[in-house]
Amino acid sequence: MSQKTTLDDLRREIDEIDQALHDLLLRRTEVVLRIAGHKQPGQPALRPAREAAIIRALVGRHQGAFPVQALVRIWREMMGALTQVQAPLAVAVVAPEDQRTPLWDLARDHYGSATPMLATNTPVAAVRAVSEGNATVAVVPWPNEQDADPWWRFLFSEDAKTPRIIARLPFLRGVSPSEGDALVLAAVPLEATGDDHTLLGIELNQDMSRGRLKDCLEAAGLPATQIRTHFMPGNTGSVHLVEVEDHIPADDARLHALAQKLGEALVRLLPVGVYATPLTLRP
Ligand SMILES: O=C(O)C(=O)C[C@]1(C(=O)O)C=C[C@@H](O)C=C1
């Protein structure tokens with residue numbers, strides 16, 4: 001058999017594979033439309049926990065030479081598009097002065113090339129875009145210690161329409177040294193994937209040292225992996241964003257235990273977000 005025939009045969013095989021992949025994509029789209037038909041009116045199309053579980057399962061079974069980051073990118077592109085076939089999807093991204101920061105690329109990679117994106121100057125503006133219905137999700141930087149007016153304190157509300165933290169990006173880490181670190185917010189119910197981090201909002205009527213707060217958290221069975229603190233002006237109280245490595249629903253007994261430990265100082269305590277623990281690529 002000549003080399004030409006072999007190459008032609010292999011390319012014919014590629015053509016067959018591409019058609020099979022395309023057929024499966026069309027079939028997947030039909031199934032997603034049927035899923036959409038089962039969703040109650042007002043129920044969001046976006047299911048971040050389901051998306052994370054799908055990607056985790058695929059990365060877990062992946063093998064061979066195809067790069068895992070390309071695999072994740074393909075599925076992210078597909079799920080972004082298949083969210084949009086169910087309902088409008090728009091992403092507000094913190095990109096001051098329209099600069100294409102790492103956050104912009106994180107948002108684009110996660111929600112796909114067909115998803116409209118709008119740049120905002122501040123995290124507060126991005127979160128507002130979601131609460132006012134101008135965007136479905138907001139992509140904001142992981143909060144830093146120095147924030148004079150942190151955006152996350154606007155999440156401390158029981159109102160079901162308040163945006164919640166629903167993801168941390170990138171979901172696949174270790175791909176690039178300058179990959180950035182972002183949180184995603186949306187007004188959707190918080191769901192567990194089996195490997196999650198919860199962000200708790202704690203409002204106190206007094207200043208409390210981080211050491212004391214950590215002790216209370218630990219005693220309640222909620223050891224913190226990160227804490228961000230903002231003291232209200234004029235000694236009027238403090239707000240704390242606490243990350244815990246677990247899924248903590250609003251009725252979790254550990255929250256009751258923490259409320260008891262904080263006693264009179266406590267004004268408000270609630271989960272303000274849950275995100276699927278990101279995957280890290282082994283070098
Ligand atoms: O499972 C769903 O609810 C879907 O809408 C399907 C699907 C998918 O493409 O697999 C799409 C969007 C959701 O965010 C999660 C998953």
Side-chain angles (χ1 to χ4, degrees), residues 25-57 75-94 107-108 110-120 123-140 151-169 171 182-194 196-201 241 247-252 255 268-276:
L25 188 61
L26 300 179
R27 190 174 137 208
R28 197 183 190 287
T29 305
E30 292 300 322
V31 176
V32 170
L33 288 172
R34 280 165 58 199
I35 290 177
H38 282 271
K39 290 183 182 166
Q40 303 299 323
Q43 216 183 332
L46 194 65
R47 298 283 304 274
R50 170 73 181 144
E51 293 184 353
I54 289 175
I55 302 257
R56 252 191 215 138
W75 255 261
R76 285 303 331 163
E77 186 71 34
M78 194 166 66
M79 290 193 290
L82 291 178
T83 305
Q84 277 194 77
V85 302
Q86 302 179 61
L89 175 68
V91 183
V93 188
V94 181
R108 184 53 89 207
H110 199 75
Y111 289 102
S113 54
T115 300
M117 306 219 305
L118 90 113
T120 69
V124 172
V127 177
R128 201 182 311 122
V130 173
S131 30
E132 290 176 356
N134 298 323
T136 325
V137 302
V139 178
V140 305
W151 56 268
W152 42 265
R153 66 196 182 94
F154 299 107
L155 311 182
F156 289 27
S157 154
E158 264 96 15
D159 186 338
K161 290 203 190 83
T162 307
R164 300 279 172 232
I165 294 158
I166 56 150
R168 186 165 179 185
L169 303 183
F171 186 60
L183 287 173
V184 183
L185 296 107
V188 301
L190 300 178
E191 293 178 313
T193 65
D196 303 284
H197 284 66
T198 299
L199 290 144
L200 300 175
L241 182 71
H247 176 244
I248 325 273
D251 58 357
D252 194 288
L255 292 182
R268 218 191 303 249
L269 165 61
L270 74 163
V272 296
V274 172
Y275 67 80

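Model, not experiment: these values are computed from the prediction. Just so it is clear, the values below take in all heavy atoms, side chains as well, and ignore hydrogens, waters and symmetry mates.
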To the nearest 0.5 Å, how far apart are CG in Leu199 and CZ in Arg164? 11.5 Å
Provide the closest heavy-atom pair for Ser157 versus Leu270 in the form atom of the first, atom of the second, distance. O-CD1, 3.5 Å
Between Val93 and Tyr111, does a side-chain contact (heavy atoms from CB on, under 4.5 Å) hold up when you go through it step by step? CA-CA 11 Å; Val93 188; Tyr111 289 102; over 6 Å; no
Hey, what do you get for CD1 (Ile35) to CZ (Arg28), rounding to the nearest 0.5 Å? 8.0 Å
To the nearest 0.5 angstrom, please state how far the CD atom of Gln43 sits from the NE2 atom of His38. 11.5 Å
Given 3.5 Å as the limit, does a donor-acceptor pair link the side chain of Arg153 with the main chain of Leu241, or not? no
What heavy-atom pair brings Leu255 and Ala250 nearest, and what distance separates the two atoms? CD1-O, 3.6 Å
For Ala107 versus Val139, what's the shortest heavy-atom pair and its separation? CB-CG2, 3.9 Å
Taking every non-hydrogen atom, the tightest pair across Val130 and Leu185: CG2-O, 4.2 Å
Looking at CZ of Arg34 and CD of Glu30, how far apart are the two atoms once the value is rounded to the nearest 0.5 Å? 8.5 Å
Dump the intermediate steps for side-chain contact (heavy atoms from CB on, under 4.5 Å) on Thr120 and Arg128, then the final yes or no. CA-CA 10 Å; Thr120 69; Arg128 201 182 311 122; over 6 Å; no
Mind listing the closest non-hydrogen atom pair of Pro48 and Ile166 along with its distance? CG-CD1, 3.5 Å
Any side-chain to backbone donor/acceptor pair from Glu77 onto Ser113? Under 3.5 Å, distance only. yes
Report the distance from atom NE2 of His247 to atom OG1 of Thr193, rounding to the nearest 0.5 Å. 9.0 Å
Say whether, by atom type as modelled, one donor and one acceptor occur between the side chain of Thr198 and the main chain of Ile248 under 3.5 angstrom. yes
Measuring only between side-chain heavy atoms, which start at C-beta, is Phe171 closer than 4.5 Å to Arg56? yes
Can you check whether Gly194's main-chain N or O pairs, donor with acceptor, with Asp196's side chain at less than 3.5 Å? yes
Looking only at heavy atoms, the pair that brings Ala126 and Val94 closest together is CB-CG2, 4.0 Å
Between CG of Leu183 and OH of Tyr275, what distance do you get to the nearest 0.5 Å? 7.0 Å
Give the intermediate values and the outcome of side-chain contact (heavy atoms from CB on, under 4.5 Å) for residues Met79 and Ile55. CA-CA 10 Å; Met79 290 193 290; Ile55 302 257; 3.7 Å; yes
Can a donor-acceptor pair be found, under 3.5 Å and without considering hydrogens, that links the side chain of Thr136 to the backbone of Ala90? yes
Evaluation steps, side-chain contact (heavy atoms from CB on, under 4.5 Å), between Arg47 and Ile54: CA-CA 11 Å; Arg47 298 283 304 274; Ile54 289 175; over 6 Å; no
